[in-house]
Visitor: 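Mind looking over this structure? Questions follow.
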Amino acid sequence: MLLLFCQNPLLKQTFQDIVKPLNGLVVENEKDFWEKLPEAKLVAIDENEKLFLAAKEKNLTQTFLFLGQNKPSGNDDVHFLKKPFPILQLVHLLSLLLAFVRRGLTLSFETADFRFNGTNRTLTNIQNKTEVHLTEKETELIQYLFDNRHRIVPKEELLEQIFGYREGVETHTLETHIYKLRQKMGSANETFLLTIDGGYQLQGILE
């Protein structure tokens, strides 16, 4: 279920029209929000940073999206849509996130060097047993590249599918996430996550 929190009466009806076809629910008070939260798989919160942070601290398995002027402090990796935004952009992003949620981050696979666990969001170095924890975006990146492992995935495709950016948008978001992911992997990333012809590809996966 998609749960969207909004206390702005001018926006509430618009949000209701958006989430209804997506089997979503819009709530406007915190009591209803906390009651419905355990049932939700995707949670979108409009403006209320305090509520957003409190929900994230519950360490639940939901995917969160924040709608506002700025990202919540200390949460650089969260799904975020900066206001003002076109309504179609919100529809596109919600649909994209729901597709990931419904598919579920539950896969696991191994290479000669790594063991990936999407459920726990971990990447374990098989040689030295070192386990690193991945952010939600890093997990989504690896999963998407795994699903498309037999081809080079263009940067533009990853920006759209993982981050919700439209074609032509100038951003270094993807490169930043790839850089941080490679840092977590150490030198072994050189045989796992490759940059080829302007795109990315996973290699060495044990079928």
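Computed from a predicted structure; not experimentally measured. Just the heavy atoms: all of them, side chains too, but no hydrogens, waters or symmetry mates, feed the values below.
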Visitor: If you round to the nearest 0.5 Å, how far is CG of Leu81 from CG of Leu67?
Guide: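 With rounding to 0.5 Å, CG (Leu67) is 6.0 Å from CG (Leu81).
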Visitor: Does Arg115 come within less than 4.0 Å of Glu131, counting only side-chain N to carboxylate O?
Guide: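 Salt bridge flag = no for Glu131 with Arg115.
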Visitor: Determine, stepwise, if the pair Asp113 / Thr111 fulfils side-chain hydrogen bond (donor to acceptor under 3.5 Å, both in side chains).
Guide: CA-CA 5 Å; Asp113 298 304; Thr111 72; 5.0 Å; no
Visitor: Whether Lys180 and Glu138 form a salt bridge (side-chain N of Lys/Arg under 4.0 Å from carboxylate O of Asp/Glu) is what I want to check.
Guide: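 Looking at Glu138 and Lys180, the cut-off is not met.
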Visitor: Begin from the C-alpha positions of Ile178 and Leu141 and carry the test side chain to side chain contact (heavy atoms under 4.5 Å, CB included) through to its verdict.
Guide: CA-CA 9 Å; Ile178 293 291; Leu141 275 170; 4.3 Å; yes
Visitor: In Å, rounded to the nearest 0.5 Å, how long is the span from CG of Leu181 to CG of Leu134?
Guide: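 Here the rounded value is 6.5 Å.
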Visitor: Could you tell me whether a side-chain N or O of Lys137 sits under 3.5 Å from a main-chain N or O of Ile162, the two making a donor and an acceptor?
Guide: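 Checking the backbone N and O of Ile162 against the side chain of Lys137, a donor-acceptor pair under 3.5 Å is found.
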Visitor: May I ask you to decide if Phe116's main-chain N or O and Glu110's side chain share a donor-acceptor pair within less than 3.5 Å?
Guide: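 A pair under 3.5 Å: no.
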Visitor: Using the test side-chain contact (heavy atoms from CB on, under 4.5 Å), find all partners of Glu30 that sit at least two apart in sequence or belong to another chain.
Guide: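 Per chain and number, Glu30 pairs via side-chain contact (heavy atoms from CB on, under 4.5 Å) with Phe5, Trp34, Asn48, Leu51.
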Visitor: If we ignore angles and hydrogens, is there a donor and acceptor under 3.5 Å between the side chains of Tyr179 and Glu175?
Guide: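 Per modelled atom types, Tyr179 and Glu175 side chains form no pair under 3.5 Å.
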Visitor: Nearest 0.5 Å please: distance from the CG atom of Leu202 over to the OH atom of Tyr200.
Guide: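 Separation between the atoms: 12.0 Å.
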Visitor: Do Lys155 and Glu160 meet the salt-bridge criterion of a basic N to acidic O distance under 4.0 Å?
Guide: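 No.
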Visitor: Using the test side chain to side chain donor-acceptor pair (under 3.5 Å), find all partners of Thr195 that sit at least two apart in sequence or belong to another chain.
Guide: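 Checked Thr195 against side chain to side chain donor-acceptor pair (under 3.5 Å); matches are Arg182.
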Visitor: Calculate, to the nearest 0.5 Å, the distance between atoms CG and CD belonging to Leu158 and Glu140 respectively.
Guide: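 CD of Glu140 is found 11.0 Å from CG of Leu158.
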Visitor: Closer than 3.5 angstrom, by distance alone: can the side chain of Glu49 be matched with the main-chain N or O of Gly68 as a donor-acceptor pair?
Guide: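 Checking the backbone N and O of Gly68 against the side chain of Glu49, no donor-acceptor pair under 3.5 Å is found.
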Visitor: Just do the side chain to side chain contact (heavy atoms under 4.5 Å, CB included) check on Lys184 and Thr135 with the steps written out, would you?
Guide: CA-CA 11 Å; Lys184 291 183 178 182; Thr135 65; 4.1 Å; yes
Visitor: If you apply the rule side chain to side chain contact (heavy atoms under 4.5 Å, CB included), what do you find for Gln16 with Leu11, and how did you get there?
Guide: CA-CA 9 Å; Gln16 285 178 331; Leu11 288 175; over 6 Å; no
Visitor: Carefully, step by step, assess Leu3 and Phe33 under the rule side chain to side chain contact (heavy atoms under 4.5 Å, CB included).
Guide: CA-CA 8 Å; Leu3 178 65; Phe33 174 81; 3.8 Å; yes
Visitor: Can you check whether Asp32's main-chain N or O pairs, donor with acceptor, with Asn29's side chain at less than 3.5 Å?
Guide: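 Confirmed, Asn29 side chain pairs with Asp32 backbone.
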Visitor: When you measure from the side chain of Lys41 to the backbone of Met1, do you find a donor-acceptor pair of N or O atoms at a distance under 3.5 Å?
Guide: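 A pair under 3.5 Å: no.
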Visitor: Sub-3.5 Å donor-acceptor pair from the side chain of Lys12 to the main-chain atoms of Gln7, do we have one?
Guide: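 Checking the backbone N and O of Gln7 against the side chain of Lys12, no donor-acceptor pair under 3.5 Å is found.
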Visitor: Among Leu2, Leu4, Leu37, which one satisfies side chain to side chain contact (heavy atoms under 4.5 Å, CB included) with Val43?
Guide: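 That would be Leu37.
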Visitor: Under 30°, 30 to 60°, or over 60°: which ring-plane class applies to Phe80 and Phe66, parallel, tilted or perpendicular?
Guide: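 Answer is parallel, since the angle falls under 30°.
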